[in-house]
Amino acid sequence: MTQTIKYQLNESDMPRQWYNIVADMPNKPAPALHPGTGQPAGPQDFAPLFPMNLIEQEVSTQRWIDIPEPVLAIYAQWRPSPLYRARRFEQALGTPAKIYFKYEGVSPSGSHKTNTAVPQAYYNKLAGTKRITTETGAGQWGSALSYACNIFGIPLKVYMVKISFEQKPYRKNIMQIYGAEVVASPTNTTNAGRAILAQDPNSLGSLGIAISEAVEDAAPREDTKYTLGSVLNHVLLHQTIIGLEAQKQFKLAGDYPDVVIGCCGGGSNFAGIANPFLADKFAGKQVRLVGVEPAACPTLTKGHFHYDFGDAVATTPLMPMYTLGHDFAPAGIHAGGLRYHGMAPIISQLKKDNLIEAYAYNQTECFKDAITFARAEGIIPAPESSHAIRHVVVEAERAKEEGKERVILFNLSGHGHFDMSAYETYLSGAIEDVPLPQSCLDESWEKIKGLPKVA
Ligand SMILES: Cc1ncc(COP(=O)(O)O)c(C=O)c1O
């Protein structure tokens, strides 16, 4: 008998509830603040943007939240996702470490984003939403939401960060196939977009700018709601199905991870894999949780724990989070989905309380390790996910040096089949690591340090 590679669950083994870590956090995230009054924002403040059923999840402190049957039925199109033992990658690295990965690239749109797109579209449908707007960075979130909105018959407009719109034209086509309207952000159809273009007509855009545009489009309209693919508590909640499945799969494998790793853009796929294991840690298990970000956008490793706006032109509620400053414009690295100035308040609070670790890497070293992984395992990782792989290699090499059999789990958040222009640039030797001078970080910090401190 050959050694096991895939640990598979049956559809009937799929978790029936999401895990809400807020119930168990020693320090709960501070409340968001109203941008005008500076007072804690209540459910009504979010009502122009989100339906009340999702706002209830956003503020919930209930530990377990039922996954509705219609959402489970759609999840079953690709879930449970496989847990792989990366035996060939282990061999390629010559490490005594055991490396496992949860593969979210099996979803219809190719990443973990579908795990929250489906419930968000479902709850909007229940609430009678007639139209949805959103932003997308790498195009993964836009693809996932286009898929979900199509299922529930809700028209969708996607503001896609311009650099990704240009680097990833096929992502745009996927969204169009599912029926969405896609525009390159900044546009000249919103006040936010026009303001950015007035400052810099060649702006490459950023997630922060695209959020401003999508929010401005939705907020004044009765028929329209806005959705976010990361950062918010309810988004992180929906992603916990990843870690909950992984826990069951580790039981099948008769193993348990020493370290759990995920890349961090706004924090949702990392939370998805990490939070259920954090529950084990709260109960006394020894397990480390590691978030990995790009050196070009080092929110957790070099940002400030402070209130800041979620968007670039300062219109959203103020969020308590690690931030580089809302007008920080990261270099045009290929991991478009990791170019966000802030981090989920839940992940930020966990980092502040030293319950998780964070590391930052340059894109060249991430691509190098992604290619080693692809040659060993056959799967081409999304550039975002390659950051997690970079840290897996660091842990695996450390295990080799120490002669220890460390058990590593990482989240392979998506495949890179639509990121070929990035891989082409890497393979041709033309990829660059863009230095981030401290003066740049200081400049954007200066602009937010007058905002409220997190108590
Ligand atoms: C494949 C993939 N992984 C990770 C991310 C980062 O987002 P988050 O930190 O919310 O998981 C993205 C964002 O677009 C993505 O497309």
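For ligands, and for the atoms within them, numbers begin at 1 and follow the listed sequence.
Among pairs with a residue in residues 308-336, those fulfilling ring-ring contact (aromatic ring centres under 6.0 Å, His included) read F305-Y322, F309-H326, at least two apart in sequence or across chains.
Here atom 7 (O) of ligand 1 lies nearest to K113 when heavy atoms of E293, E384, K113 are compared. Of the candidates G291, A144, G265, C263, C263 brings a heavy atom nearest to atom 4 (C) of ligand 1.
When V407, V260, V259 are each tested for a side-chain contact (heavy atoms from CB on, under 4.5 Å) with V287, only one passes: V260. The side-chain contact (heavy atoms from CB on, under 4.5 Å) with F89 is formed by just one residue from the set V393, T95, I379; it is V393.
For the pair S81/E245, a side-chain contact is recorded, criterion being any heavy-atom separation below 4.5 Å from C-beta on.
The protein heavy atom nearest to atom 5 (C) of ligand 1 is H112 CE1, 3.9 Å. Regarding atom 3 (N) of ligand 1, its nearest protein heavy-atom neighbour is S413 OG, 2.7 Å. Regarding atom 6 (C) of ligand 1, its nearest protein heavy-atom neighbour is G337 O, 3.5 Å.
Scanning for ring-ring contact (aromatic ring centres under 6.0 Å, His included) contacts around Y75 gives W78, with sequence neighbours left out.
Ligand 1 lies nowhere less than 4.0 angstrom from a heavy atom belonging to G137.
Contact annotation: for S268 versus ligand 1, heavy atoms closer than 4.0 Å belong to both the backbone and the side chain.
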